[in-house]
Amino acid sequence: MSKIGDYFKLGDVFRYFYRVFQKPDPSRPTNTNLRMMHGINRISIIMFLFCLIVMIVRAIMR
């Protein structure tokens, strides 16, 4: 059975962020669909962080 702590592990999430934003490995084969997926993920991560910052600033300014 899983413990409650297993649900709050963020290591995999941060490893994914690192992998998405790093330079592509030239030894691995490239796939157009995979490149598009990572590009869309980059855009969504950046938009999420921007909106999170805006919400924090608005909450502080009240």
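Residues: numbered from 1 along the sequence shown. All of these numbers come straight from a predicted model, not from anything done at the bench.
- For Thr32, there are no side-chain hydrogen bond (donor to acceptor under 3.5 Å, both in side chains) partners two or more places apart in sequence or in a different chain.
- For Arg28, there are no side-chain hydrogen bond (donor to acceptor under 3.5 Å, both in side chains) partners at least two apart in sequence or on another chain.
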Contacts under 3.5 angstrom, residues 50-57 side chains, donor-acceptor by atom type, not counting sequence neighbours:
none

Distance-only donor-acceptor hits, side chain of residues 36-47, under 3.5 Å, sequence neighbours excluded:
unit_1, atom_1, unit_2, atom_2, d
Asn41, ND2, Tyr16, OH, 2.4
Arg42, NE, Val20, O, 2.8
Arg42, NH2, Val20, O, 2.8
Ser44, OG, Ile40, O, 3.4
Ser44, OG, Asn41, O, 2.9

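- Qualifying side-chain contact (heavy atoms from CB on, under 4.5 Å) partners for Asn31, counting only residues two or more places apart in sequence or in other chains: Asn33, Leu34.
- In this structure, Arg58 has no salt bridge (Lys or Arg N to Asp or Glu O under 4.0 Å) partners at least two apart in sequence or on a different chain.
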